[in-house]
Engineer: 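Take a look at this one; I'll ask things after.
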2 protein chains.
Amino acid sequence: MDLKRSDLLQGTLDLLILKTIEHRPLHGYAMAQRILETSREVLAVQQGSLYPALHRLERKGLIAAEWREAESKRMAKFYSLTPSGRTQLAEEMDQWQRYARAIQWVLQAEGAAS
Amino acid sequence: MDLKRSDLLQGTLDLLILKTIEHRPLHGYAMAQRILETSREVLAVQQGSLYPALHRLERKGLIAAEWREAESKRMAKFYSLTPSGRTQLAEEMDQWQRYARAIQWVLQAEGAAS
DNA sequence: GTCCATACCTTGTGTGTCTACATATCAGTA
DNA sequence: TACTGATATGTAGACACACAAGGTATGGAC
């Protein structure tokens, strides 16, 4: 069964993560849930995609981690945006709009001149 | 300088190609030009991405090739959509709309409950 | 005492795009 | 005549990213 090869559009995960913690820190598990909710069940972030992405973003200094107690009373690693993460988020949102608009233009282009 | 790592959103090239030959056959070089035009100079398909993609799509039976004389008077390989390519195009357009909408929802989501 | 949801993580694999390179033809021009 | 630039196709190698599948551990419910 290879009907769908991907749950995500490759290259958009960083954007989704950064956006999801824009206003408050969250731990990884909660981010995935939040993305699933806000995308109305369309974007299912797998754990094997999520955690490597978080480590990547942390290495780049775009997010910062802190161990705190979650609502569940268990320890979890909360990530928040750093200043440069905030800049990056703005850039990636621009990029996304730019690409999405461009693709829309191609999809709407007239069959055109024979 | 690694500001942008990609000229394309990964996973969208097949869609762009299929769409571009929806109404008439085109050769590879012309497809890249056409995509660049219709995307208003945003989507620059590299040759090292284009030709492998065309061979991939041909292997999958979504497009079919034929050598013909181009406007330039030179021989070029014209690709046209097969029936299953047409089906695939419809599916990929749906998928794209679905993902693009979902991402938009995430980007517009309220910062939400503290 | 067992199960499930929560929460973190890693390894290996595959796919797709990129850079860089190689080749050839044709038109215009120096 | 030779050069140059646009047209046209292709390959090889590197790399990034998401995925599947596996693992560990804790707390609450039953």
Side-chain angles (χ1 to χ4, degrees), chain A residues 1-18 25-37 42-60 63 65-79 92 95 99 103, chain B residues 1-18 25-37 43-60 62-63 65-79 92 95 99 103:
Chain A
M1 194 74 68
D2 62 337
L3 254 188
K4 50 128 106 173
R5 53 246 318 107
S6 169
D7 293 321
L8 248 39
L9 261 175
Q10 201 132 345
T12 58
L13 180 54
D14 291 2
L15 169 60
L16 294 171
I17 290 173
L18 295 176
L26 280 182
H27 54 85
Y29 195 84
M31 289 182 210
Q33 289 182 129
R34 180 96 184 117
I35 290 171
L36 190 61
E37 278 170 32
V42 176
L43 305 175
V45 181
Q46 305 303 315
Q47 299 190 341
S49 311
L50 177 65
Y51 293 109
L54 289 174
H55 300 156
R56 205 160 61 225
L57 291 171
E58 193 180 11
R59 264 202 317 280
K60 290 189 197 164
I63 61 179
E66 187 194 357
W67 283 96
R68 292 221 298 266
E69 193 174 85
E71 286 181 32
S72 64
K73 303 294 180 190
R74 301 169 44 191
M75 281 303 171
K77 215 167 166 182
F78 282 74
Y79 290 92
E92 295 212 9
Q95 269 295 312
Y99 280 133
I103 289 175
Chain B
M1 194 74 67
D2 63 337
L3 254 187
K4 50 129 107 172
R5 55 243 319 104
S6 169
D7 292 323
L8 250 36
L9 262 174
Q10 203 126 347
T12 59
L13 180 53
D14 292 2
L15 169 61
L16 294 172
I17 289 173
L18 296 176
L26 280 182
H27 54 85
Y29 195 83
M31 289 181 210
Q33 288 182 130
R34 180 97 184 117
I35 291 171
L36 189 61
E37 278 170 32
L43 305 175
V45 181
Q46 305 303 314
Q47 302 187 340
S49 312
L50 178 64
Y51 293 108
L54 289 173
H55 300 157
R56 206 160 60 226
L57 291 171
E58 193 181 10
R59 265 201 317 278
K60 291 188 197 165
L62 303 176
I63 60 179
E66 189 195 355
W67 283 96
R68 291 221 298 267
E69 193 174 85
E71 285 181 33
S72 64
K73 303 292 179 192
R74 301 168 47 188
M75 281 303 172
K77 216 166 166 181
F78 282 74
Y79 290 93
E92 294 213 8
Q95 269 295 313
Y99 280 133
I103 289 175

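This is a predicted model, so every value here is computed, not measured.
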Engineer: Without decimals, in angstroms, what is the distance between B:Leu54 CG and D:dT11 C1'?
Structural biologist: 14 Å
Engineer: Looking at B:His55, I'd like to know whether one of its side-chain N or O atoms comes within less than 4.0 Å of OP1 or OP2 on D:dT9.
Structural biologist: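 Negative; the distance criterion is not met.
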Engineer: Closest-nucleotide mapping onto DNA chain D: is A:Pro52 or B:Glu71 further toward the 5' terminus? I mean the 5' end.
Structural biologist: B:Glu71
Engineer: So B:Met31 and B:Val45, do their side chains get closer than 4.5 Å, heavy atoms only?
Structural biologist: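 B:Val45 vs B:Met31: side chains apart.
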Engineer: Pick out the pairs of N or O atoms, protein on one side and nucleotides 20-23 of chain D on the other, that lie under 3.5 Å.
Structural biologist:
none

Engineer: Are any of B:Tyr51's side-chain N or O atoms less than 4.0 Å away from OP1 or OP2 of D:dT9?
Structural biologist: yes
Engineer: Apply salt bridge (Lys or Arg N to Asp or Glu O under 4.0 Å) to B:Arg68 and list each qualifying residue two or more places apart in sequence or on a separate chain.
Structural biologist: B:Glu66
Engineer: Does atom CD of B:Glu71 have more than 12 heavy-atom neighbours, drawn from other residues, nucleotides or ligands, at distances under 6.0 Å?
Structural biologist: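 Atom CD in B:Glu71 is not crowded, with 12 or fewer foreign heavy atoms closer than 6.0 Å.
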Engineer: If the condition is side-chain contact (heavy atoms from CB on, under 4.5 Å), which residues does A:Gln47 pass it with, not counting sequence neighbours?
Structural biologist: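 If we apply the side-chain contact (heavy atoms from CB on, under 4.5 Å) test to A:Gln47, skipping adjacent residues, the hits are A:Tyr29, A:Tyr51.
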Engineer: With salt bridge (Lys or Arg N to Asp or Glu O under 4.0 Å) as the rule and sequence neighbours excluded, what pairs involving residues 46-55 of chain B come up?
Structural biologist: none
Engineer: Between A:Met31 (CE) and C:dT6 (C1'), how many Å, whole number?
Structural biologist: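 Atom-to-atom, A:Met31 to C:dT6, this comes out as 15 Å.
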Engineer: Can you tell which of D:dA8, C:dT6, C:dT10 lies closest to the side chain of A:Gln33?
Structural biologist: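 Per side-chain heavy atoms of A:Gln33, the pick is C:dT6.
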Engineer: So, is B:Ser72 near the phosphate of D:dA8, with a side-chain N or O under 4.0 Å from OP1 or OP2?
Structural biologist: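 Yes, B:Ser72 has a side-chain N/O under 4.0 Å of OP1/OP2 on D:dA8.
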Engineer: Expressed as a whole number of angstroms, how long is the span from B:Leu57:CG to C:dT15:C1'?
Structural biologist: 13 Å
Engineer: Whole Å only: how far is the CD atom of B:Glu92 from the C1' atom of C:dG16?
Structural biologist: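 Those two atoms, CD and C1', are 13 Å apart.
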Engineer: According to side-chain hydrogen bond (donor to acceptor under 3.5 Å, both in side chains), who are the partners of A:Gln10, at least two apart in sequence or on a separate chain?
Structural biologist: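 With neighbours one apart ignored, the set is empty.
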Engineer: Counting just side-chain N and O atoms, does B:Arg56 come under 4.0 Å of either OP1 or OP2 of C:dG16?
Structural biologist: yes
Engineer: Looking at the side chain of A:Leu8, which of D:dA18, D:dT11, D:dA8 is the nearest nucleotide?
Structural biologist: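 Comparing D:dA18, D:dT11, D:dA8 against the side chain of A:Leu8, the answer is D:dA18.
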Engineer: Should B:Lys73 be listed as having a side-chain N or O under 4.0 Å from OP1 or OP2 of D:dT7?
Structural biologist: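 Negative; the distance criterion is not met.
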Engineer: For A:Arg74, give me all partners under salt bridge (Lys or Arg N to Asp or Glu O under 4.0 Å), at least two apart in sequence or on another chain.
Structural biologist: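 Once residues adjacent in sequence are excluded, A:Arg74 has no partner under the salt bridge (Lys or Arg N to Asp or Glu O under 4.0 Å) criterion.
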Engineer: Take the protein atom CH2 of A:Trp67 and the nucleotide atom C1' of D:dA25, then report the distance between them rounded to whole Å.
Structural biologist: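 Interatomic distance, CH2 of A:Trp67 to C1' of D:dA25: 11 Å.
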Engineer: Tell me what A:Ala70 touches on the nucleic acid: a base, only sugar-phosphate, or nothing, going by heavy atoms under 4.0 Å.
Structural biologist: sugar-phosphate
Engineer: D:dA8 P sits how many Å from B:Met75 CE, rounded?
Structural biologist: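 From B:Met75 CE to D:dA8 P: 12 Å.
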Engineer: Please give, in whole Å, the distance from C:dT15 C1' to B:Leu9 CG?
Structural biologist: 16 Å
Engineer: Counting only heavy atoms and a strict 4.0 angstrom limit, can you tell me which residues of residues 10-17 of chain A come near DNA chain C?
Structural biologist: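 Heavy-atom cutoff 4.0 Å gives no residues at all.
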Engineer: Any heavy-atom pair between the side chains of B:Ile17 and B:Arg56 that's under 4.5 Å?
Structural biologist: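 In short, these two side chains do not touch, never coming nearer than 4.5 Å.
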Engineer: Taking only residues two or more places apart in sequence or in another chain, which ones pass ring-ring contact (aromatic ring centres under 6.0 Å, His included) with B:Phe78?
Structural biologist: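 Partners of B:Phe78 by the ring-ring contact (aromatic ring centres under 6.0 Å, His included) criterion, ordered by chain and then number, come out as B:His27.
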Engineer: Report the residues that fulfil side-chain hydrogen bond (donor to acceptor under 3.5 Å, both in side chains) with A:Gln46, sequence neighbours left out, ordered by chain and then residue number.
Structural biologist: A:Asp7
Engineer: Given atom CZ of A:Arg34 and atom C1' of C:dA7, what is their separation to the nearest angstrom?
Structural biologist: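 Answer to the nearest Å: 19 Å.
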